2 protein chains.
Amino acid sequence: MSGSIIATRREVADLAGVSEATVSRVLNGVGPIKEETRIRVLDAANQLGYVPSNLARSFARRKSGNIGVVLPYIPKARLFSSYYFSEILSGMGNTVREQGYDLLVLFRSGEETPEYESFFRMQKVDALVVLGAKDEPGEREALRKLRESGHPFIVVNQHFDGENFPEVDVDHEEGSRMAVEHLMDQGYRSIAFLNGPLTYSNSLDRFKGFEKALQQRGLEPDDRLLFEGNFGRRSGYAIGDDIAKRIDEVDAVFVANDRMAVGLLQRLRELLPDQERFPAIVGYDDSDSADICVPPLSSVRVPFYEMGELAARLMLTACEDSSNGAEVFKEHPRYLLQAELIVRDSSKKRTGG
Amino acid sequence: MSGSIIATRREVADLAGVSEATVSRVLNGVGPIKEETRIRVLDAANQLGYVPSNLARSFARRKSGNIGVVLPYIPKARLFSSYYFSEILSGMGNTVREQGYDLLVLFRSGEETPEYESFFRMQKVDALVVLGAKDEPGEREALRKLRESGHPFIVVNQHFDGENFPEVDVDHEEGSRMAVEHLMDQGYRSIAFLNGPLTYSNSLDRFKGFEKALQQRGLEPDDRLLFEGNFGRRSGYAIGDDIAKRIDEVDAVFVANDRMAVGLLQRLRELLPDQERFPAIVGYDDSDSADICVPPLSSVRVPFYEMGELAARLMLTACEDSSNGAEVFKEHPRYLLQAELIVRDSSKKRTGG
DNA sequence: TTGTATGCGTTATCAG
DNA sequence: CTGATAACGCATACAA
């Protein structure tokens with residue numbers, strides 16, 4: 001009945017026989033309130049179907065109540081690893097909702113050089129989570145400015161060396177080391193590495209892990225077995241040609257993400273029907289495709305969902321500290337989560353002599 | 001230099017030698033303004049690095065500037081078809097950004113019965129896009145209330161029979177019909193159907209298309225060849241057992257989404273190493289996994305990205321019509337996009353005699 | 001414990 | 001074309 005008519009706070013106050021300020025206090029649970037009036041106000045509000053305007057509240061408090069999420073610009077939407085973002089967004093969404101915050105998603109446009117502070121100036125967000133950033137001059141500069149502005153923000157899954165930005169990252173070096181060590185445990189020695197673009201710190205981390213694993217056994221990376229793709233399946237497919245050429249020197253391949261690994265696998269299967277020569281493969285991300293493909297792909301699982309949770313939680317606490325949000329990060333600017341190796345058939349020891 | 005200090009509109013006005021009202025006019029491009037003062041104001045604003053508060057503006061205009069996106073509650077994040085949401089979100093995001101709007105993502109909580117109107121009452125959003133809705137009493141009720149409230153909203157990829165909700169949907173009946181017709185063109189006659197839960201209108205549509213294709217050739221669905229999964233890969237895998245049992249009666253299987261198709265494929269490969277018996281398969285969604293799996297999976301491509309674009313565009317125009325936003329939908333409540341069949345090896349005619 | 005009064009940063013109305 | 005000025009709906013310091 002009364003649900004559809006819009007109720008004002010004035011009406012609630014009148015019906016409850018109190019002032020608007022008291023209504024406000026009750027609804028926000030601040031200040032000491034006599035239980036009786038509290039109930040009276042609540043009743044009135046309920047009866048009138050009163051819903052406070054979040055917008056007005058935000059305005060008065062000068063807090064948007066939003067956590068911003070910056071997503072990278074993706075010309076062809078299909079290109080990006082949707083798994084990655086879905087998981088992180090889910091983690092963030094579930095976390096912020098518990099605290100009454102919302103997620104405002106901000107798609108980068110392709111052209112413009114990144115600029116983050118205005119999201120705060122416009123008061124669209126109280127904190128910012130930056131996803132899919134690359135190590136490029138414009139990005140570093142934008143993030144530096146953002147940090148100087150003192151607003152709470154965090155970079156996810158990307159490390160900017162020497163900047164000390166607040167970051168939630170994964171120990172990709174260790175993840176990679178484990179992967180390669182596993183390959184060596186299986187008896188493989190000539191291990192090729194198909195990496196991603198070096199604008200992602202991930203890629204460098206993975207290389208370090210790769211190198212470390214080799215060195216632990218007294219080996220060194222062989223430049224001729226190092227390849228670089230762009231994380232897309234097609235690039236893995238294309239590099240399959242190169243690897244096939246050197247197949248005599250290659251025991252196994254460690255690939256920086258599953259999508260490239262899948263492409264590589266496809267191409268190698270076309271080129272090397274001879275099972276005996278087929279190299280072992282370990283991918284990265286443990287995405288859905290890992291156990292879809294044939295043979296099932298060993299892969300390094302990355303806790304994307306948990307990264308989202310953590311990033312969100314950090315930003316929330318930064319928002320609560322009404323003081324300087326950035327304070328929180330002064331001590332522990334970098335949070336590191338652990339990856340985990342999932343072993344499947346693609347990297348098992350060859351049975352034949 | 002001056003970038004970091006927060007500039008107020010007052011200062012801009014002073015520097016430009018005009019009133020605050022004029023600053024506002026210039027920045028909003030409203031009313032007639034002498035070109036000279038316009039430039040003077042713009043200069044001043046630029047020089048001071050003044051950024052108007054979107055929050056205050058929204059408050060004054062009583063428009064949040066946000067398009068809300070309701071996402072379904074997913075207990076285990078990994079379960080949901082991330083491809084689906086990523087594409088739709090990308091489509092929406094790119095569209096709304098062009099108009100200066102933002103996307104506010106609203107994760108459903110598992111418990112609560114859905115309630116949408118309060119997002120408007122709280123003035124968090126100006127329009128709402130509902131994703132992943134199921135045909136359940138609570139959902140219908142919530143959407144009915146929302147419509148009665150007169151706020152602009154749209155349901156994506158789900159049809160509520162008899163309600164006339166504004167919807168952006170795909171012609172899944174035709175998509176399915178094409179898929180099954182294709183199978184028959186290839187010479188298959190005993191076609192099993194692995195469908196999804198019937199709480200999704202999609203599933204019903206697909207069944208209709210399945211039935212229609214058969215009837216065009218004078219056939220009728222065989223109840224014993226109808227199966228239902230939950231869209232997850234595991235359910236496809238499990239139903240592989242059932243289908244293998246009746247493999248003598250099954251030529252081909254039409255599967256309601258790729259993930260189940262992939263699961264089915266895996267299980268059948270385990271159970272039926274005998275290539276001769278292996279049924280043809282057509283999946284649905286044309287997700288990445290379709291051409292990863294072995295054999296590459298024929299599938300019905302669904303224009304998710306375009307659905308997001310369209311839904312967003314509709315909501316934007318509804319928001320612009322400052323009158324009653326819902327007016328827009330009075331005439332064309334349902335928008336239907338077309339699916340497309342992508343043929344790959346999994347459904348090709350058997351070469352053997 | 002509660003009421004009063006003021007401010008939040010814009011937009012928009014109404015004179016001039 | 002431009003300048004005052006009143007909302008906008010709520011939070012909060014200050015009074016009572």
Side-chain angles (χ1 to χ4, degrees), chain A residues 5-42 44-45 48-65 100 118-126 322, chain B residues 5-42 44-45 48-66 100 118-124 126 319-320 322:
Chain A
I5 285 81
I6 203 145
T8 141
R9 190 176 63 166
R10 176 74 261 157
E11 298 177 316
V12 176
D14 288 349
L15 182 58
V18 298
S19 74
E20 289 193 52
T22 299
V23 175
S24 181
R25 288 196 188 95
V26 170
L27 266 43
N28 290 308
V30 308
I33 298 277
K34 201 198 293 174
E35 183 60 12
E36 184 203 319
T37 54
R38 209 182 69 84
I39 295 184
R40 205 140 35 86
V41 169
L42 253 30
L48 268 46
Y50 169 68
V51 178
S53 160
N54 209 287
L55 188 49
R57 165 183 305 183
S58 293
F59 175 61
R61 286 190 177 151
R62 271 153 306 202
K63 291 267 181 193
S64 68
S118 35
F119 293 127
F120 291 94
R121 305 268 272 251
M122 297 190 293
Q123 305 192 50
K124 282 190 175 187
V125 304
D126 299 335
S322 54
Chain B
I5 285 81
I6 204 145
T8 139
R9 190 175 61 165
R10 175 74 260 159
E11 298 177 318
V12 177
D14 288 348
L15 182 58
V18 297
S19 74
E20 287 193 52
T22 299
V23 175
S24 181
R25 287 196 189 93
V26 171
L27 265 45
N28 290 306
V30 307
I33 298 277
K34 201 199 296 177
E35 183 60 13
E36 184 204 319
T37 53
R38 209 181 70 83
I39 295 183
R40 203 139 37 84
V41 169
L42 251 30
L48 268 49
Y50 169 68
V51 177
S53 161
N54 207 286
L55 188 49
R57 165 181 305 181
S58 293
F59 175 61
R61 286 189 178 152
R62 268 151 308 197
K63 291 266 181 194
S64 67
N66 296 154
S118 35
F119 293 128
F120 290 93
R121 305 267 273 250
M122 298 190 294
Q123 304 191 47
K124 283 191 173 184
D126 299 334
C319 288
E320 298 309 299
S322 55

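The figures that follow rest on heavy atoms only: side chains count, while hydrogens, waters and symmetry mates do not. Below, chain A is the first sequence line, B the second, and so on; all start at residue 1. Quick caveat, the model's predicted, so the values are computed rather than measured.
- Between the CG atom of B/Leu55 and the C1' atom of D/dA11 there is a distance of 13 Å, rounded to whole Å.
- Rounded to an integer number of Å, the gap from NZ of B/Lys124 to P of D/dG9 is 18 Å.
- Distances from the side chain of A/Arg61 to the nucleotides D/dC8, D/dT2, D/dA11 place D/dA11 closest.
- With the nearest nucleotide of DNA chain D identified for both A/Pro52 and B/Arg40, B/Arg40 has the one nearer the 5' end.
- With A/Arg38 contributing its side chain and A/Val26 its backbone, the two residues share no donor-acceptor pair below 3.5 Å.
- Side chain of A/Asn54 to backbone of B/Gln123: no donor-acceptor contact under 3.5 angstrom is found.
- Within 4.0 Å (heavy atoms only), A/Val30 reaches no atom of the nucleic acid at all.
- Between A/Arg25 and A/Val18, the closest side-chain pair of non-hydrogen atoms is not below 4.5 Å.
- Of the residues near DNA chain C, A/Ile33 and B/Tyr50, the one whose nearest nucleotide (by heavy atom distance) lies more toward the 5' end is A/Ile33.
- Residue B/Lys63 contributes atom NZ, which lies 24 Å from atom P of C/dG9 at whole-angstrom precision.
- Distance from the side chain of B/Ser53 is smallest for C/dT10 among the nucleotides D/dC10, C/dT1, C/dT10.
- The closest side-chain heavy-atom distance from A/Leu27 to A/Val41 is below 4.5 Å.
- The side chain of B/Ser19 places an N or O atom within less than 4.0 Å of a non-bridging phosphate oxygen (OP1 or OP2) of D/dG3.
- Distance from the side chain of A/Phe59 is smallest to D/dG9 among D/dC10, D/dG9, C/dT1.
- Looking at the side chain of A/Ala21, the nearest of the listed nucleotides D/dC8, D/dC1, D/dT12 is D/dT12.
- Of the possible donor and acceptor atoms, none in the side chain of B/Ser118 sits under 3.5 Å from a partner among the backbone N and O of B/Arg121.
- In this structure the side chain of A/Phe59 never reaches within 4.5 angstrom of the side chain of A/Arg62, judged on heavy atoms.
- Between B/Arg57 atom CZ and C/dC8 atom C1' the separation is 16 Å, expressed in whole Å.
- For B/Glu35 and D/dT2, the CD to P distance is 11 Å, given to the nearest whole Å.
- Taking 4.0 angstrom as the limit, A/Thr22 places none of its side-chain polar atoms (N or O) nearer than this to OP1 or OP2 of C/dT2.
- Note: CD (B/Gln123) to P (D/dG9) measures 7 Å, nearest angstrom.
- The phosphate of D/dC10 (OP1 or OP2) has no side-chain N or O of A/Ser24 nearer than 4.0 angstrom.
- In terms of phosphate contacts, A/Arg9 brings no side-chain nitrogen or oxygen within less than 4.0 Å of OP1 or OP2 of D/dG9.
- Rounded to a whole Å, the CG atom of A/Asn54 is 15 Å from the C1' atom of D/dC8.
- Set against D/dC8, C/dC8, D/dA11, the side chain of B/Arg62 has D/dC8 as its closest nucleotide.
- Put simply, the side chain of B/Arg25 and the base of D/dG3 share a donor and an acceptor less than 3.5 Å apart.
- Remark: P of D/dA6 and CD of B/Glu20 are 14 Å apart, rounded to the nearest angstrom.
- Between B/Thr37 and the phosphate of D/dT2, there is a side-chain N or O to OP1/OP2 separation shorter than 4.0 Å.
- Taking side-chain N and O atoms only, A/Asn28 has a distance below 4.0 Å to OP1 or OP2 of D/dA11.
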